[in-house]
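A short worksheet on the structure shown next.
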Amino acid sequence: MTLTEIAITKTIDARGMACPGPLMTLIGAIRAGAVGDTFAVVSSDAGSRTDIPAWTAKAKHELVDVQPGDGYSTFIVRKAR
Amino acid sequence: MNEPEQPLSLVLFSGTDDRLGAAAILATGAAAMGRPVNVFLQYWALDAFRRGKVTAWHGAAPEAGASGAGLVRTGQEGPRHWSELFRQAKDIGDVKIHACALSMELFEITTDDLDPLVDDVEGVAAFMSDATTGPITFI
């Protein structure tokens, strides 16, 4: 799946933000969003690789995709409830 | 996140910025994952939560040495400061910060002297009650 196939509600460029900044920014966006909204979080923080999937599963949202980049990853998360 | 979660209970004793930073990270992660967090401030940690003194430089733990202190200072800049992490943790979860009644007396601190991050003053038995049967971590 590529970014172009997924309708992204909002892209959050959290590159350069230290752990747990990208996750906290995602949590804020999910809270403020509506069910079905899809967020792309771009993070260079190594902690995000474990934290964003762990939080998404725990909070019962949907991790649509993780796309590796050069020195960063993009996490696509859909607000499910 | 409907099932009840075991609380994370942290006793903060040390008032250095690295230890407070490590504690703030734990509190933030627990809050994000839906666990209630109880923080009990004693001695130097309580002193670091004085109103107007929170973002001052509180030094680093002895193991940091001279070079490590610079690293700690950089790691606490701006939005990465431990007080900001505690604020975010409180924003997303059930995080309570209690001042130890005995330490308040010892340091002659009144509630007016404390940063608004601190919720209340508690005795040790009340903190144990908050901790339920969950583990208590001393930092």
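Any value given below was found using the heavy atoms of this structure, including those in side chains, with hydrogens, waters and symmetry copies removed. In what follows, chains are A, B, ... by sequence order, proteins preceding strands, each numbered from 1.
No path of Ile, Leu, Val, Met, Phe, Trp and Tyr side chains, each step under 4.5 Å between heavy atoms, connects A:Val64 with A:Val42, placing them in separate hydrophobic clusters. Neither B:Leu85 nor B:Leu8 shares a network with the other; the hydrophobic side chains, linked directly or stepwise wherever heavy atoms of I, L, V, M, F, W or Y lie under 4.5 Å apart, form separate groups for each.
Of all heavy-atom pairs spanning B:Ile25 and A:Cys19, the tightest one is CD1-O, 3.7 Å. Scanning both residues, B:Arg80 and A:Ala18, for their nearest heavy atoms gives NE-CB, 3.6 Å. Here the closest non-hydrogen pair linking B:Ile92 and A:Met24 is CD1-CE, 3.6 Å.
With a 6.0 Å radius and a threshold of 12 heavy atoms from other residues, nucleotides or ligands, B:Tyr43 has its OH atom at or below the threshold. Shown here is B:Glu105, whose CD atom has no more than 12 heavy atoms of other residues, nucleotides or ligands within 6.0 Å. Counting non-hydrogen atoms of neighbouring residues, nucleotides and ligands closer than 6.0 angstrom, the CZ atom of B:Arg51 exceeds 12 such neighbours.
Contact annotation: the side chain of A:Lys58 approaches that of B:Glu5 to within less than 4.5 Å [non-hydrogen atoms, C-beta and beyond].
A:Trp55 contributes no side-chain N or O that, together with a main-chain N or O of B:Met33, makes up a donor-acceptor pair within less than 3.5 Å.
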